[in-house]
There are 2 protein chains.
Amino acid sequence: MSGKITMGHGGGGELSARLISEVFLKAFGSCELQANDSAVIDLPGGRTAVTTDSFVISPIFFPGGDIGKLAFCGTVNDLAAVGAVPKALSASFIIEEGMDINELKVIAESIGNLSRASGIPIITGDTKVVDKGSGDKVYINTTGIGLVPQNLEYHPNKIVPGDSIIVSGTIGDHGYCITALREGIDIRSSVISDCQPLHEMVSALAVLGDKVHAARDATRGGIGTVLNEWARQSGRGILIKESSLPVLPEVRGGCGLLGLDPLYLANEGKMVFASAADKADEALALLRKHPAGRDAEIIGEVSDGKAQLIMETEWGTRRLVPIPRGELLPRIC
Amino acid sequence: MSGKITMGHGGGGELSARLISEVFLKAFGSCELQANDSAVIDLPGGRTAVTTDSFVISPIFFPGGDIGKLAFCGTVNDLAAVGAVPKALSASFIIEEGMDINELKVIAESIGNLSRASGIPIITGDTKVVDKGSGDKVYINTTGIGLVPQNLEYHPNKIVPGDSIIVSGTIGDHGYCITALREGIDIRSSVISDCQPLHEMVSALAVLGDKVHAARDATRGGIGTVLNEWARQSGRGILIKESSLPVLPEVRGGCGLLGLDPLYLANEGKMVFASAADKADEALALLRKHPAGRDAEIIGEVSDGKAQLIMETEWGTRRLVPIPRGELLPRIC
């Protein structure tokens with residue numbers, strides 16, 4: 001099967017069946033995908049995490065990944081952010097008439113490859129086709145199910161004064177990469193998206209139990225938005241140090257040029273944590289042992305102060321980092 | 001909050017937060033929706049059903065419902081089709097820039113109202129905005145989780161010769177309604193979409209245990225497509241009688257006019273069952289007790305013959321009902 005997607009591929013008839021079988025079942029591994037209205041899996045029960053995300057990134061291919069990789073990692077990382085061990089994903093595609101079927105195959109294979117490598121099966125799916133001009137190549141929804149170990153509860157309302165704020169690596173890579181791509185800046189030799197699954201890295205912190213208070217996948221809106229939400233949700237102040245923020249030199253330079261702030265740029269492979277202060281160094285060491293966390297840093301702490309995010313700049317002054325208003329980068333994920 | 005959706009509503013900043021809080025949390029009931037990367041719910045474990053569907057219907061409002069109602073019912077019905085008791089849904093929105101926020105509110109309230117009426121919570125969600133011309137008002141993905149009672153396993157591979165084929169009511173209502181709406185046929189006084197949740201009706205058959213072999217929500221492609229798939233999946237022939245098919249007179253007449261076949265028209269509130277012959281009458285009686293099943297009929301049976309769908313026409317002749325090729329009605333769900 002090759003050529004272009006037609007409306008018939010979404011009609012539910014023979015063409016739909018062929019598209020599903022030759023593109024999706026083939027890419028995902030047909031054993032796990034069940035040909036019924038719902039997939040049925042055995043779960044052990046207990047605290048079960050559920051998350052959903054639709055991915056509308058433009059362009060659909062970018063340095064370091066594609067919309068399929070993003071859809072897999074984004075949902076796995078949302079499960080990881082509550083400490084869950086991912087168990088299964090669904091994948092639903094809204095495809096624009098005229099899309100190149102070979103591009104769709106590459107995207108489906110990105111998902112299939114990650115699924116096999118991580119042992120997280122794609123258990124159910126859906127395919128819809130919309131007419132040309134009512135979509136943009138392909139949008140993907142992934143919904144994930146995971147199991148939360150009994151002693152873990154990562155939630156912003158558990159954040160307390162004194163907690164250390166840790167970020168698992170350099171910030172803004174994904175957002176900068178996509179922006180540079182759109183602006184036509186030559187990034188062949190430099191920044192690629194950090195898109196990667198983080199569940200294994202996060203699970204390394206499970207030994208710290210409830211000493212880790214909160215975790216958040218710092219995607220759309222960046223760590224500036226995550227930490228503002230945490231300040232609001234916990235009712236605590238958060239102080240970060242600009243000099244501690246891990247930022248790639250190319251990203252720092254490029255942001256200066258484009259008038260962007262890495263704090264607000266999306267990440268697709270970075271987790272922010274709030275950890276009890278007495279376990280922060282241990283948490284940092286555990287993160288750094290994992291390839292996805294090798295550049296982890298303690299970037300700040302939680303205070304007793306007003307529920308807002310403050311940054312101590314490299315000049316020693318302090319400034320408010322507000323929650324962003326209006327338009328950030330559109331269609332970054 | 002009113003006016004039009006802007007790109008900023010999808011950026012992840014303050015406008016996004018307001019949209020989520022004032023439109024979605026308000027409509028769905030904020031208690032169940034958890035402000036974290038994943039929702040965490042307690043599940044008892046065991047056989048757990050998972051299904052996902054993206055809804056791209058055009059137009060988004062139609063007689064008998066809207067895209068929100070459809071997204072709720074469609075996913076609940078896919079759970080019901082494996083005998084599962086629905087436990088929770090996710091809802092993810094891809095919204096086109098320029099959409100009227102009041103329309104979005106109506107759609108979100110459709111989902112919220114059904115959620116409250118059925119006791120099936122919306123536990124997690126997502127909102128993305130795409131630029132004008134890259135979507136069509138709104139697309140919704142719903143993913144559902146349900147629990148399958150231990151003694152039930154509805155699956156086409158359990159279909160055996162002699163089984164009775166039952167449909168829970170009149171066929172083609174939804175597909176005819178949408179087609180008529182698009183063709184500008186006056187249907188004010190007649191056909192409305194059958195969009196409705198079927199989980200309670202299906203659960204009435206649980207007392208029959210494994211005497212019910214398969215169930216399928218006959219949406220896109222209609223019962224003609226479902227029964228063809230069952231013939232292929234079970235390796236059995238299926239014979240249906242045209243004279244037994246429940247079809248509303250207006251749908252029958254309109255289909256004649258438009259050259260459509262009710263067998264291939266989408267339903268959004270009809271279930272097809274394969275039941276052991278000795279329990280078919282009991283199954284029929286149980287279905288008819290429920291308002292959603294009051295027009296249920298036994299329409300055919302499974303044979304030892306070749307794996308294809310045959311219809312005995314009203315003239316007594318037999319004809320092959322093939323799996324439809326190419327384009328059916330686009331964007332019907």
Side-chain angles (χ1 to χ4, degrees), chain A residues 7-8 10-15 35-54 56 78-79 81-82 84 88 90 92 94 123-126 128 130-131 133-136 139 141 143 145 148 155-156 216-217 220-221 225 233 323-328 330-331, chain B residues 7-8 10-15 35-54 56 78-79 81-82 84 88 90 92 94 123-126 128 130-131 133-136 139 141 143 145-146 148 155 216-217 220-221 225 233 323-328 330-331:
Chain A
M7 292 306 288
E14 190 175 287
L15 266 178
N36 214 353
D37 275 344
S38 295
V40 178
I41 55 171
D42 265 305
L43 284 182
R47 297 172 62 229
T48 307
V50 184
T51 187
T52 191
D53 249 311
S54 290
V56 299
D78 279 349
L79 292 173
V82 296
S90 67
S92 176
I94 298 174
I123 55 166
T124 187
D126 182 45
K128 294 283 155 60
V130 295
D131 36 296
S134 291
D136 189 5
Y139 301 142
N141 176 282
T143 302
I145 297 176
V148 188
H155 200 283
R216 186 72 62 88
D217 181 21
R220 194 168 45 166
T225 302
Q233 290 175 308
I323 189 165
R325 286 160 190 276
E327 190 167 345
L328 294 167
R331 297 183 58 187
Chain B
M7 292 306 288
E14 189 175 288
L15 267 177
N36 213 354
D37 275 343
S38 295
V40 178
I41 55 171
D42 266 304
L43 285 183
R47 296 171 64 229
T48 308
V50 184
T51 187
T52 191
D53 249 313
S54 290
V56 300
D78 278 349
L79 292 174
V82 296
S90 67
S92 176
I94 298 175
I123 55 166
T124 188
D126 182 45
K128 294 282 156 60
V130 295
D131 37 296
S134 290
D136 189 7
Y139 300 142
N141 176 282
T143 302
I145 297 176
V148 188
H155 199 284
R216 186 72 62 88
D217 180 22
R220 192 168 47 164
T225 302
Q233 291 176 307
I323 189 164
R325 287 161 189 275
E327 190 168 343
L328 294 166
R331 297 183 57 187

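Below, read A as the first sequence line, B as the second, and so on, with proteins coming before strands; counting in each chain starts at 1. Keep in mind that the numbers below use all heavy atoms, side chains included, and drop hydrogens, waters and symmetry copies.
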Side chain to side chain, [X] and [Y], heavy atoms closer than 4.5 Å:
{"X": "A:Arg331", "Y": "B:Lys128", "answer": "no"}
{"X": "B:Ser92", "Y": "A:Tyr139", "answer": "no"}
{"X": "B:Thr48", "Y": "A:Asp42", "answer": "no"}

Out of [options], return the one with the most heavy atom pairs under 4.5 angstrom to chain A.
{"options": "B:Asp131, B:Val148, B:Ile323", "value": "B:Asp131"}
{"options": "B:Ala49, B:Ala84, B:Pro44, B:Gly221", "value": "B:Ala49"}
{"options": "B:Asp78, B:Asp136, B:Asp217", "value": "B:Asp78"}
{"options": "B:Ala88, B:Gly46, B:Gly133", "value": "B:Gly46"}

Determine whether a donor-acceptor pair (N or O, by modelled atom type, separation under 3.5 Å) exists between the side chain of [X] and the backbone of [Y].
{"X": "B:Asn141", "Y": "A:Asn141", "value": "no"}
{"X": "A:Arg220", "Y": "B:Gly13", "value": "no"}
{"X": "B:Thr124", "Y": "A:Thr51", "value": "no"}

(request) Count the heavy-atom pairs under 4.5 Å between each of A:Gly12, A:Ser90, A:Gly45, A:Ser134 and chain B, then report the option with the highest count. (result) A:Ser134
Given a strict heavy-atom distance threshold of 4.5 Å, which part of [X] is in contact with chain A: side chain, backbone, both, or neither?
{"X": "B:Thr52", "value": "both"}
{"X": "B:Val50", "value": "both"}
{"X": "B:Val82", "value": "side chain"}
{"X": "B:Leu79", "value": "both"}

(request) Select one option (side chain, backbone, both, neither) describing which atoms of A:Thr225 are under 4.5 Å from chain B's heavy atoms. (result) side chain
(request) Can you see which heavy atom on B:Ala81 is nearest to which on B:Arg216, and at what distance? (result) CB-CA, 4.1 Å
